[in-house]
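Data first, discussion second: the structure below is written as C-alpha cells.
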Amino acid sequence: MAIGPESGRAVDRRAVLRGSAAASAAMALPTAALTGLGAAPAQALSGRPRAGWGVQVGDVTTSSGLVWVRSDRLARMVVETSATGSFARPRRWRGPLLGPGTDFTGTTALRGLTPGAQVHYRVLLADPDDPRRTGEPVYGTFRTAPAGRRHGVRFVWSGDLAGQGWGINPDLGGYRVFEEMRRLDPDFFLCSGDNVYADGPIAATVALPDGTTWRNITTEEKSKVAETLDEYRGNFRYNLLDANLRAFNAQVPSIVQWDDHEVVNNWYPGEILTDPRYTEKRVDVLAARARRAFSEYFPVPSLRPDRHGRMYRVVRHGPLLDVFALDMRTHRNANSPGRQSEDAQGILGAEQSAWLKRELSRSRAVWKVIASDMPLGLVVTDGPTDVEAVAQGDPGAPLGRELQIAEVLRHIKHRRITGTVWLTADVHYTSAQHYDPARAAFQDFAPFWEFVTGPLNAGSFPAVKLDRTFGPEQPFVKAPDRANVSPAEGFQFYGEVEIDGDSGELTVRLREVGGGVLFRKVLQPGRVGQ
C-alpha cells in the first residue's frame, strides 16, 4: 500500500521521551485518510506549506548543527530555537527557499549555540509571497556537545535499512529499531552506510519460510531499481514514511555516511554495469544522481563535487570524542582479487588517506572513533574472485587495499595516537574483533578493536571468514546460519557507545532489537593500543 506521512506535531522533550503512540498508530494511514478523519491541520486545508516528512538534525558540535526539512510546495524555511519548549524568546534563523531544484528539501546551519545545552527548535515553512502565511510548525530537540568532560557522551550506531526487499511492515509496527534506540536517548546516531537500497525494489508482499506473509508499504519509486534522480530521491523519501524514524529524527541528531546501496551493489568509480535491470549502465552517472539525492535528504555539509564538499569529514563532539566519518566508495579503486603489492589509491584514495592521518594526529579528543563504512579484517567478496572491502583472504603480508590500511595503522602507532576505535556495519550481523600484532603477519601497529553491527531493517546473513593479516581474534559474533533472514525472525542489530565523563572509559554494547545487550566491552582511555 502506498502512503504519505501525516503532518508533524508539536512535542516537547518530555513528550518525545514518553513515546509517539499516536504517530505510530497513524503510520499506515494515507494523508487522505487523515483528512477524512479530521486530523489534517487547518493550514494544510488553506493551502499553506506543509512539512509532513518531519525534521532532522545532523553533525552537531559544541556550538553548531544542521537542521533539515522538506516542504510540499515552494516555501521559505525558517528555524526558531529556544532554551525551553515554550519558545518564549526564540532565536530566528532564515533558511533557504525550498523549491523543485532540491526536491523541496533544505538545510539551515545553526551556529553560536550554547555548549552542552538542550536546544528546542521548530521549523516554519512560509509562503514566499506572503511570509505571514506559514504552515504548522514541526518541532524537534537535540543536545549540543559539551565543552567539558563532566557530562560524558553516549551514541548509537548501525546501518543497512530496507534491504533485500524487507521494507516498512505495518504488521510489525514499522522500523521498530528506531523506537528502541530513541528510548535510550542518545546524544547522536551514527549511520554507517546503506541508508537506502536504491538497487532493491520493495514488493507489496513476500512469502516467508514458515508460510506466513511479510507485508510492505510500497511506493512507485521503490517498484524498480533507481536510475533517475527522482527515483533516487524516492528511495530516501520511502524511509521517512515510517513514524518511528520520524520520531527518532525529531529527537536524535545524526552523522551519516554512505556505502554501496545508496547507488548500486558493490559499486566503484568507472564501473560499467552488466545488470540487465539497468538501462543506464555508467555507475559514475548513477553515483552523481545518488550523491545529489543523498545531500538533499540528509542534514550533511554541502556535497558539491569539489574538495570542500567531500563526503568524508571529522565531527568534533567536545573534548571526549572526535568522529572520523570515512568514505570508502567515492575514491576507491576497482574491485579486484586484491593481490597487488603496490596500491596507492586503495579504498580511501591517496588524498583521504593523508587527510585521515593528518586529522588523527591533530585530534586532542580522548577518543577517536573511526567510522568505517566497511570492515577491515572480514573478507567481503564481490563475485567469485574479487574483493569488495579491504581484506582479500590471504593471511600473509598486506596486499591490495590492505597496504593503505597498514599505513594508517602504522601512523597511529608511530605518532602514539591514543584512543582509536573502529566502528562499522555492512555485513548484516554483529561481531567484535580485536586486532593484535602478536597474532598478525603485519606487526607494525598497535592493538585495536573493531565493532560491527547491523542491519537496522534488512536481511541478515551468515558470518564471513577472518583475514589474519592484521591478527584479528573474534571474541563475539552473532549471525544466522542462512542467507537473507527476514527481520521477522530477529537478527537485527545496533550498537551503543558510552564514554564516562569522570573516568574517560569507553563502553561498547552490541544490542539486538528486542533482545537487550549481547556483548559488552570496556576500553581504557589514554592508550595507544589495547
Side-chain angles (χ1 to χ4, degrees), residues 1-2 103 159-169 193-209 213-239 258-294 297 328-338 347 373-374 379-389 392 426-428 454-455 457-462 464 482-487:
M1 57 189 145
D103 202 27
D160 311 296
L161 186 59
Q164 291 74 47
W166 311 111
I168 303 169
N169 185 338
D194 292 344
N195 298 268
V196 301
Y197 276 69
D199 57 340
I202 298 288
T205 60
V206 182
L208 296 174
T213 299
W214 173 284
R215 289 199 308 137
N216 284 314
I217 290 171
T218 61
T219 65
E220 181 179 353
E221 293 90 351
K222 288 299 299 177
S223 65
K224 63 179 291 292
V225 297
E227 298 180 82
T228 69
L229 175 58
D230 284 343
E231 288 168 349
Y232 279 109
R233 287 166 167 170
N235 272 261
F236 291 102
R237 276 199 306 275
Y238 177 81
N239 287 332
W258 79 345
D259 192 32
D260 56 335
H261 290 287
E262 284 85 358
V263 182
V264 63
N265 187 42
N266 295 353
W267 74 274
Y268 52 83
E271 182 182 7
I272 303 298
L273 297 178
T274 59
D275 189 331
R277 298 177 301 170
Y278 287 84
T279 56
E280 175 55 74
K281 305 292 187 181
R282 297 167 296 173
V283 164
D284 288 354
V285 173
L286 298 175
R289 293 167 182 169
R291 181 185 180 94
R292 178 172 171 179
F294 181 98
Y297 274 85
M328 290 181 158
R329 282 292 153 190
T330 306
H331 312 283
R332 65 164 54 199
N333 51 18
N335 292 349
S336 73
I347 199 167
D373 45 296
M374 300 210 76
V379 183
V380 184
T381 59
D382 178 18
T385 61
D386 294 344
V387 295
E388 157 71 350
Q392 25 71 335
D426 183 68
V427 290
H428 296 231
N457 190 98
S460 297
F461 287 80
V464 300
R482 67 184 193 280
N484 197 18
V485 172
S486 85

- Report the C-alpha distance between Arg329 and Glu262 in whole Å, list the side-chain angles of each, state the deciding distance to 0.1 Å, and finish with yes or no for side-chain contact (heavy atoms from CB on, under 4.5 Å). CA-CA 10 Å; Arg329 282 292 153 190; Glu262 284 85 358; over 6 Å; no
- For Gly167 against Ala162, the heavy-atom pair lying closest together: CA-CB, 4.4 Å
- Message: Using side-chain contact (heavy atoms from CB on, under 4.5 Å), reason through Thr205 and Trp214 one step at a time and then give a plain yes or no.
- Response: CA-CA 5 Å; Thr205 60; Trp214 173 284; over 6 Å; no
- Query: Do Gln392 and Val379 touch side chain to side chain, with heavy atoms closer than 4.5 Å?
  - Reply: no
- Could you tell me the separation between the CG atom of Asp260 and the CG atom of Asp426, rounded to the nearest 0.5 Å? 6.5 Å
- Taking side chain as C-beta onward, heavy atoms only, is Val206 less than 4.5 Å from Asn216? yes
- Item | Sequence neighbours excluded, every pair satisfying ring-ring contact (aromatic ring centres under 6.0 Å, His included) that has a member inside residues 261-282 | Tyr197-His261, Trp258-Trp267
- Evaluation steps, side-chain contact (heavy atoms from CB on, under 4.5 Å), between Arg332 and Glu388: CA-CA 10 Å; Arg332 65 164 54 199; Glu388 157 71 350; 3.3 Å; yes
- Message: If we check side chain to side chain contact (heavy atoms under 4.5 Å, CB included) with Asp194, which of these qualifies: Asp373, Leu161, Asn265, Asp259?
- Response: Asp259
- With a 4.5 Å heavy-atom cut-off, do Val380 and Val427 have their side chains touching? yes
- Query: Would you say Tyr238 and Thr218 make side-chain contact, with heavy atoms under 4.5 Å?
  - Reply: no
- Side chain to side chain, His428 and Gln164, heavy atoms closer than 4.5 Å: yes
- For Asn235, which residues count as a side-chain hydrogen bond (donor to acceptor under 3.5 Å, both in side chains) partner, sequence neighbours excluded? Lys222
- So, do Pro269 and Asp284 sit near enough that their side-chain heavy atoms are less than 4.5 Å apart? yes
- Is Arg277 paired with Asp275 through a side-chain N to carboxylate O contact shorter than 4.0 Å? yes
- Nearest heavy-atom pair of Glu227 and Glu231: which atoms, and what distance? N-OE1, 2.8 Å
- Message: What's the separation between atom CG in Asp103 and atom CG in Leu229, rounded to the nearest 0.5 Å?
- Response: 7.5 Å
- Item | Smallest separation among heavy atoms of Val225 and Pro201, with atom names | N-CG, 3.9 Å
- Does any non-hydrogen side-chain atom of Thr330 lie less than 4.5 Å from one of Arg291? yes
- Message: Any donor-acceptor pair under 3.5 Å linking the side-chain atoms of Tyr297 with those of Arg233?
- Response: no
- Item | Parallel, tilted or perpendicular: ring planes of Phe236 versus Phe294, cut at 30 and 60 degrees | perpendicular
- Between the main-chain N or O of Leu273 and the side-chain N or O of Glu271, is there a donor-acceptor pair closer than 3.5 Å? no
- Contact summary for Trp166 and Gly459, nearest pair of heavy atoms: CD1-N, 3.3 Å
- Item | Heavy-atom closest contact (Val263 atom, Ala290 atom, distance) | CG2-CB, 3.6 Å
- Message: What I'd like to find out is whether the side chain of Arg237 reaches to under 4.5 Å of the side chain of Thr219, using heavy atoms alone.
- Response: no
